[in-house]
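Everything numeric here is computed off the predicted structure, so don't read it as measured data.
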Amino acid sequence: MAFRFRPVDTAFYDLFTESADHLVVGAALLAEMLGESADHADVAQRMRDAEHQADETTHALFRRVNSTFVTPFDREDIYRLGSGLDDVMDMMDEVVDLILLYEVRTLPPDLSQQVEVLQRCAELTSAAMPKLQSPQSLEEYWIEINRLENAGDKNHRRILASLFSGQYKTIEVLKLKDIVEALEGAIDAFESVANTIEQIAVKES
Amino acid sequence: MAFRFRPVDTAFYDLFTESADHLVVGAALLAEMLGESADHADVAQRMRDAEHQADETTHALFRRVNSTFVTPFDREDIYRLGSGLDDVMDMMDEVVDLILLYEVRTLPPDLSQQVEVLQRCAELTSAAMPKLQSPQSLEEYWIEINRLENAGDKNHRRILASLFSGQYKTIEVLKLKDIVEALEGAIDAFESVANTIEQIAVKES
Amino acid sequence: MAFRFRPVDTAFYDLFTESADHLVVGAALLAEMLGESADHADVAQRMRDAEHQADETTHALFRRVNSTFVTPFDREDIYRLGSGLDDVMDMMDEVVDLILLYEVRTLPPDLSQQVEVLQRCAELTSAAMPKLQSPQSLEEYWIEINRLENAGDKNHRRILASLFSGQYKTIEVLKLKDIVEALEGAIDAFESVANTIEQIAVKES
């Protein structure tokens, strides 16, 4: 690796990695929520706990930005990446929360495909964070996340069509649509993180 | 206060304050709209007037950015903060407009709690603007807005659950959900303003 | 024109123009989709092709940002403008896709007004791109886009009110509302492009 002119505070990379690791936990809880015999209230409580831990990591990151003179990349980008990771957690928490809130017991089977996309995004993001020191090396990661987002988008549209195919009561359609859209929002939030990293790589190049 | 190296054009702070003051007016009109005997068409007209005045303040701000050589902080941040304040007004205007448009006469009583959150956000934002010259001094403000947004989010989810509890016809649920979501959008827009100010403070530190 | 201190790679302007030209094609396909005897599957397929071509232009733009040492304006702004133009295409594609997906045969007649707004936005954006070398000269363009967005917003609210006027079944309202909102999203995406250009002009001034 080339000589670096800027001293690097590796704690930032550790915090981004910690933040992404929370997303792996969140995606697993989401998968559990979709299980047939899941205790919705219990899973939702554990999701809330995971979301609080993710918040603490985000705040630790922002405190460090405030107290560090030389940051590994632009302060605003650290802020944006930290917020972006936090947004994913919020969206996954919202999916779980809506399932509990709307008292939905039967979910369309296709939803599990979207959760698989989310789990894959979480793993890739978690694996990418420790390599953030050389952002240009992460091209494969952001291309793959974009590919997953496209696949998720196709699933999403197929699920929407099935909701409107006449097999659900209108009030059920209304509930399920919110859940399905929150799932897609979580996948989009992963893409937004990947785009931020791509932009950081562009700046550094 | 420390010696400043950059001459400061205080007109920017006056315009931000003016912009936030419009939000106090908007939040009050929203509260009036929810009153039992409110004349919806009349309140909506006054809301539209308030929104036009807010627009004019925003444009005065942007014209000043264009014609000023040295700005108190980054041009883009002035632009973002001005747009952010304007977004809040647009969202509050949308709530009022939807109530008129959908001809909704009976609103869930819990909505008034959300409007209280909005009014509190408007007051805090209006009180914060004159102190924007030392953005780091506004930490309490952005923490409190974030707390209010969390409280608003909890209200929002409880209201959503009540909409789906079976007491409303499906077409009513559809209407009320839009209104409830626009209200939450307005609270989120206040949070977004607070986050922008936090980021300005981070940059200046 | 004044002497420029920075050498200019005109390929960027060509790519932005190409990108905006795809939007003119997309808006025309959208208008075709609304025709009474339109073959929905066929138009949707051509829209998908147009969307892929737009993607390729966007990627060519991003590759060039990565491989060019001196860019005509900030890398991040090139990135944002490219993404913004791409977002418009995605939104127009979504409208067409939803009409196909939901198997909607009868659309409210007012929708054609929204598509006219979109077509006008596409033409103006396409005409503006070749003049991007002097962004301050584009003030009329962004003012007109903002005016069109306001007109579109008024249409949008009127269409929403008609959806809830009692002439549609609730499940139809749910479908049409998604389509109507995606249309408005496309208009908003044009406004967002115009705002980005205004911000570039502000920075350059």
Region of [X] that comes under 4.5 Å of a non-hydrogen atom in chain B:
| X | result |
| --- | --- |
| D153(C) | neither |
| L163(C) | neither |
| Q136(C) | neither |
| K169(C) | neither |

TODO: For chain B, find which of E198(C), R157(C), Q199(C) contributes the most heavy-atom pairs closer than 4.5 angstrom.
DONE: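 Result: the option with the highest number of such pairs is R157(C).
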TODO: Would you please classify the geometry between the F164(C) ring and the Y102(B) ring as parallel, tilted or perpendicular, with 30° and 60° separating the classes?
DONE: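 Y102(B) and F164(C): tilted rings.
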Open item on the list: Let me confirm one number: the CG-CZ distance from L81(B) to F73(B), rounded to the nearest 0.5 Å.
Closed with: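 CZ of F73(B) is found 6.0 Å from CG of L81(B).
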- [ ] Mind checking the CD1-CD spacing from I145(C) to E140(C)? Nearest 0.5 Å is all I need.
- [x]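 One gets 12.5 Å once the value is rounded to the nearest 0.5 Å.
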Task: Which portion of E103(B) sits near chain C, non-hydrogen atoms under 4.5 angstrom - done: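 No part of E103(B) comes within 4.5 Å of chain C.
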Open item on the list: Between L174(B), V65(B), T170(B), who has the most heavy-atom pairs with chain C when the cutoff is under 4.5 Å?
Closed with: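 Of the options given, most contacts go to L174(B).
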Task: Distance-only donor-acceptor check, side chains R48(C) and Q53(C), under 3.5 Å - done: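 Result is no, nothing qualifies.
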TODO: State, yes or no, whether a side-chain contact exists between P108(B) and L176(B) at a heavy-atom distance under 4.5 Å.
DONE: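 In short, these two side chains touch, coming nearer than 4.5 Å.
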Open item on the list: Between R63(B) and H59(B), is the side-chain contact (heavy atoms from CB on, under 4.5 Å) condition met? List the steps.
Closed with: CA-CA 6 Å; R63(B) 271 196 306 275; H59(B) 290 140; 4.0 Å; yes
